[in-house]
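Notes to accompany the following structure.
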Amino acid sequence: MSIELNHTIVAAEDKKASAQFLADILGLEVGPQYGPFFPVEIPNGVTLDFYEGDGGPFVPQHYAFLVSDDEFDNIFGRIKDRGLTYWADPYHRRANEINTNDGGRGLYWEDPNGHSLEIITKPYGSGD
């Protein structure tokens with residue numbers, strides 16, 4: 001059996017709203033609540049399980065999604081339609097720009113909890 005990432009937990013202040021935010025931007029669905037989690041399944045089978053925990057503080061994380069060119073266009077359109085700020089770089093210095101790293105396209109934006117989200121059309125180190 002090969003080793004595959006199955007799921008990870010995403011800390012959130014409002015797990016249902018946070019799961020719906022990501023699902024809406026990526027064009028996915030929120031699954032039914034499972035125990036204390038609201039899951040968003042990514043097409044490669046990995047599930048992001050949104051969880052509120054005990055209400056204490058949490059450290060924002062980074063989640064990157066490899067997407068096709070068509071998916072990039074659709075997601076980028078939803079980001080712009082919502083008026084979200086996006087950046088070409090992880091340090092948030094190049095606002096409202098996309099990058100062309102490795103001959104593809106990429107951008108970063110934040111979810112309501114401060115998690116850094118990223119879409120790229122080419123894996124890091126794969127091209128130019």
Side-chain angles (χ1 to χ4, degrees):
M1 176 177 164
S2 64
I3 299 173
E4 297 179 2
L5 180 64
N6 178 264
H7 69 277
T8 192
I9 296 172
V10 180
E13 291 178 15
D14 180 332
K15 62 188 176 188
K16 186 174 184 181
S18 296
Q20 193 63 60
F21 173 84
L22 180 67
D24 288 347
I25 293 290
L26 296 181
L28 302 172
E29 299 290 327
V30 175
Q33 185 170 351
Y34 180 77
F37 307 109
F38 276 97
V40 175
E41 186 174 346
I42 308 303
N44 67 348
V46 174
T47 302
L48 302 177
D49 294 331
F50 287 81
Y51 177 69
E52 288 172 14
D54 61 5
F58 56 86
V59 176
Q61 301 294 314
H62 174 79
Y63 300 93
F65 304 95
L66 181 62
V67 300
S68 70
D69 284 313
D70 287 342
E71 289 165 329
F72 185 96
D73 292 338
N74 291 332
I75 294 166
F76 186 37
R78 290 189 283 270
I79 289 170
K80 290 190 301 186
D81 287 348
R82 286 178 173 236
L84 298 175
T85 300
Y86 57 92
W87 299 269
D89 65 303
Y91 305 106
H92 297 178
R93 294 184 185 137
R94 295 172 48 202
N96 299 315
E97 293 181 37
I98 62 171
N99 68 58
T100 55
N101 299 342
D102 292 300
R105 295 182 292 163
L107 64 84
Y108 300 79
W109 78 101
E110 289 186 353
D111 85 344
N113 303 288
H115 294 301
S116 180
L117 305 173
E118 176 185 12
I119 52 172
I120 55 175
T121 60
K122 300 277 184 164
Y124 290 138
S126 67
D128 305 340

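Residue numbers count from 1 along this sequence. Just so it is clear, the values below take in all heavy atoms, side chains as well, and ignore hydrogens, waters and symmetry mates.
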Handout entry: ILVMFWY cluster, Val10 and Phe58 together (side-chain gap under 4.5 Å)
Key = no
Handout entry: Note, Phe37 side chain near Thr47 side chain (heavy atom, < 4.5 Å)
Key = no
Exercise for the section: Please name all residues satisfying side-chain contact (heavy atoms from CB on, under 4.5 Å) with Ala88, sequence neighbours left out, ordered by chain then number. Expected result: Arg94, Glu97, Asn99
Completion exercise
ring-ring contact (aromatic ring centres under 6.0 Å, His included) filter on Tyr63, not counting sequence neighbours, yields His115
Exercise for the section: Give a yes or no on whether Phe76 atom CZ has more than 12 heavy-atom contacts from other residues, nucleotides or ligands under 6.0 Å away. Expected result: yes
Under 3.5 Å, which donor-acceptor pairs link side chains of residues 1-9 to any protein atom two or more places apart or in another chain?
none

Problem - Set of side-chain hydrogen bond (donor to acceptor under 3.5 Å, both in side chains) partners for Tyr86, sequence neighbours left out - result: none
Practice task
Please check if Ile119 and Ile42 belong to a single hydrophobic cluster, counting links between Ile, Leu, Val, Met, Phe, Trp and Tyr side chain heavy atoms closer than 4.5 Å.
Solution key: yes
Problem - Taking every non-hydrogen atom, the tightest pair across Ala12 and Ser18 - result: CB-OG, 3.5 Å
Exercise for the section: Kindly compute the distance separating CD1 (Ile25) from CG (Asp81), expressed to the nearest 0.5 Å. Expected result: 9.0 Å
Fill in the blank from the handout: Applying salt bridge (Lys or Arg N to Asp or Glu O under 4.0 Å) to Asp89 and not counting sequence neighbours gives none
Exercise for the section: Could you check if a side-chain atom of Leu26 sits within less than 4.5 angstrom of a side-chain atom of Val40, using non-hydrogen atoms only? Expected result: no
Completion exercise
Taken in chain and number order and not counting sequence neighbours, the residues that satisfy side-chain contact (heavy atoms from CB on, under 4.5 Å) with Pro112 are Phe21
Fill in the blank from the handout: Taken to the nearest 0.5 Å, the spacing of Asn101 CG from Leu107 CG works out to 11.0 Å
Practice task
Could you grab the distance from atom CD of Gln61 to atom OG of Ser116, nearest 0.5 Å is fine?
Solution key: 10.5 Å
Handout entry: Cluster link Leu84 to Leu28, ILVMFWY, side chain under 4.5 Å
Key = yes
Completion exercise
Residue pairs passing the side-chain hydrogen bond (donor to acceptor under 3.5 Å, both in side chains) test with at least one member in residues 22-46, sequence neighbours excluded, are Gln20-Asp24, Asp24-Arg82
Problem - Test item: Val30 and Phe50 side chains (from C-beta on) under 4.5 Å apart, heavy atoms - result: no
Problem - Residues that Asp73 engages under salt bridge (Lys or Arg N to Asp or Glu O under 4.0 Å), provided they are two or more places apart - result: Arg105
Practice task
Give the cluster check for Ile120 versus Leu48: same hydrophobic cluster or not, with ILVMFWY residues linked at side-chain heavy-atom distances below 4.5 Å.
Solution key: no
Exercise for the section: Keeping to residues at least two apart or across chains, list the salt bridge (charged side-chain N to carboxylate O under 4.0 Å, His left out) pairs with something in residues 45-55. Expected result: none
Handout entry: Listed partners of Arg78 passing salt bridge (Lys or Arg N to Asp or Glu O under 4.0 Å), at least two apart
Key = none
Problem - Common cluster, Leu22/Trp87, ILVMFWY with side-chain heavy-atom separation under 4.5 Å - result: no
Problem - Heavy-atom pair of closest approach, residues His62 and Tyr108 - result: CE1-CE2, 3.6 Å
Handout entry: Summary of salt bridge (charged side-chain N to carboxylate O under 4.0 Å, His left out) pairs that have at least one residue in residues 8-17, sequence neighbours excluded
Key = none
Exercise for the section: Kindly indicate whether the side chain of Ile75, heavy atoms from C-beta on, has any atom under 4.5 Å from the side chain of Phe65. Expected result: no
